[in-house]
Amino acid sequence: MVRFIDLGKEYLSIKDRIDSAMSKVVMNSKFVLGDEVSCFENEFSRYCCCSEGIGVGNGMQAIELALKGLGIKSGDEVITVANTSYFTILGICAAGAVPVIVDNDAYFNIDITKIEEKITPKTKAIVPVHLYGQPCDMNEVLDIARKNGLKVVEDACQAHGALYNGKKVGSLGDAGCFSFYETKNLGAYGDGGMVVTNNSDLADKVRFLRNGGQKIKNFHSEIGINSRLDELQAAVLRVKLDYLDNWNERRAQNANLYNRLLKNVILPQSKMDRKHVYHLYVIRCSERDHLKSHLEERGIPSLIHYPLSAHLQESFINSRYPRAVCPLAETYAHEILSLPIHPFLDKSDIEYISSCIENFAKLKI
Ligand SMILES: *Cc1c(COP(=O)(O)O)cnc(C)c1O
């Protein structure tokens, strides 16, 4: 039986360090916004080549807080991509902004040729998503933003450690947003998130908004929210950060092996000028649903990221946000399949999964 993700195996590989980090927090009995959080903020922001990091409750609120911190307000328009976690959209909505959706490209990222036609006088920001772990075309996004006076908030929730032209994602735009949801490449034992930035004014603003908008305790000068990273999560994340590069490397090796073994499905394309960290390994197959059950019957779990594009979600349509036409994202929703890619898979697991996929493909030809 193959697992889609194996956090048990991961834990056993670092059990002693995790256990002592957690018991240290419990012994100190400081659970919210203490030393573990501020150390992890320093360590993770440095890892991202940013001068500031603000630990928050989750990835969605990282996006909300980064946008609010940059002055995005009710009625402003924010451009993002169709095939993404719907929490990208919800982060924009939580900031009071109107999400404006652009189609995906052949690399599953935002189609940079379709951004400018969506810009109106109300547009204030772009939220590019480094989907599945591959950085999107940031030079082009940043050029469009500069020309039109827009802010750029990177949704790097799937791309911890990914590189674009040798630079860490999260450090390229005005702010970078990360999620530490349990299954991400760097995952907590629950929820967590961070905003990273090189803009110290923005960092101060986000730090203050995440904690209720208090400048002085119990004096609330703005309407903030409660979105604080907790000490137990930060302690776990500090330990796991030491292994992130190695785990990302193992994901990339797994992807290379799939790339060699799979011949009869459409493989994910990666660009040479960037490092993909393979949060997900997503193939395409016109008989996706049959392939998915074929694998399930052979003990292989697979998932769909995502089965319904953001612009077609019921809550999006009911909110009367601007309609979008996204043919590629809609096609992907019917064809994409995420295969197990986690760092604790064995070579033999990938050989087995690949041979099951190849057998299915042969059956269909
Ligand atoms: C996980 C994820 C989010 C949301 O993160 P949460 O911590 O679950 O709120 C946002 N965007 C993308 C692309 C994600 O993968």
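Side chains are part of it too, since the values below use all heavy atoms of this structure and drop only hydrogens, waters and symmetry mates. One-based numbering, in listed order, for ligands and for the atoms of each. Keep in mind the model is a prediction, meaning the values are calculated, not measured.
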Margin query: Please classify the Val129 to ligand 1 contact at 4.0 Å (heavy-atom distances, strictly less than): side chain, backbone, both or neither.
Written below: side chain

Check: Taking non-hydrogen atoms only, is Gln61 closer than 4.0 angstrom to ligand 1 via side chain, backbone, both or neither?
Finding: neither

Notebook entry, point to check: Any idea which atoms of ligand 1 are less than 4.0 Å away from a heavy-atom of Cys157?
Noted result: 2 (C), 3 (C), 10 (C), 11 (N), 12 (C), 14 (C), 15 (O)

Note to self: When you measure from the centre of the six-membered ring of Phe344, is the NZ or CZ of Arg250 closer than 6.0 Å and no more than 45° off the axis?
What the structure shows: yes

Notebook entry, point to check: Backbone or side chain, does any N or O of Thr88 fall under 3.5 Å from an N or O of ligand 1?
Noted result: yes

Check: Under a 4.5 Å cut-off applied to non-hydrogen side-chain atoms, are Lys292 and Leu337 in contact?
Finding: yes

Notebook entry, point to check: Under a 4.5 Å side-chain heavy-atom rule over Ile, Leu, Val, Met, Phe, Trp and Tyr, are Val265 and Phe108 clustered together?
Noted result: yes

Check: Taking the side chain as C-beta and beyond, is there a heavy-atom pair between Ile101 and Phe316 under 4.5 Å?
Finding: yes

Next item on the list: Considering the heavy atoms of Asn58, write down every atom of ligand 1 situated less than 4.0 Å from one of them.
Entry: 7 (O), 9 (O)

Item checked: Which of the ligand 1 atoms, numbered from 1, are nearer than 4.0 Å to a heavy atom of Thr84 -> 13 (C)

Check: Taking distance alone, with no angle check, do Gln158 and ligand 1 share an N/O pair under 3.5 Å?
Finding: yes

Item checked: Distance filter under 4.0 Å to Met60 heavy atoms, resulting ligand 1 atoms -> 4 (C), 5 (O), 6 (P), 9 (O)

Notebook entry, point to check: How does Leu131 reach ligand 1, if at all, at less than 4.0 Å between non-hydrogen atoms: by side chain, backbone, both, or neither?
Noted result: neither

Notebook entry, point to check: Roughly how far, to the nearest 0.5 Å, is the OG atom of Ser293 from the CZ atom of Arg288?
Noted result: 10.5 Å

Margin query: Tell me if the centroids of the rings in Phe87 and Tyr181 come within less than 6.0 Å of each other.
Written below: no

Note to self: Suppose we measure from atom 11 (N) of ligand 1 to each protein heavy atom; which comes out shortest, and what is that distance?
What the structure shows: Asp155 OD2, 2.7 Å

Notebook entry, point to check: Is the count of non-hydrogen atoms from other residues, nucleotides or ligands lying under 6.0 Å from Arg323 atom CZ greater than 12?
Noted result: yes

Note to self: How far is atom 4 (C) of ligand 1 from the closest protein heavy atom, and which atom is that?
What the structure shows: Phe87 CB, 3.5 Å

Notebook entry, point to check: Can we say Lys24 and Glu36 salt-bridge, meaning some charged N sits less than 4.0 Å from an Asp/Glu carboxylate O?
Noted result: yes

Checklist line | Atoms of ligand 1 close to Gly59 [distance to a heavy atom under 4.0 angstrom, numbered from 1] | finding: 5 (O), 6 (P), 7 (O), 9 (O)

Check: Quick one: nearest non-hydrogen protein atom to atom 2 (C) of ligand 1, plus distance?
Finding: Lys184 NZ, 2.8 Å

Item checked: Ser179-ligand 1 polar pair, N/O distance under 3.5 Å -> yes

Check: Salt bridge or not for Arg284 and Glu335, using N-O below 4.0 Å?
Finding: yes

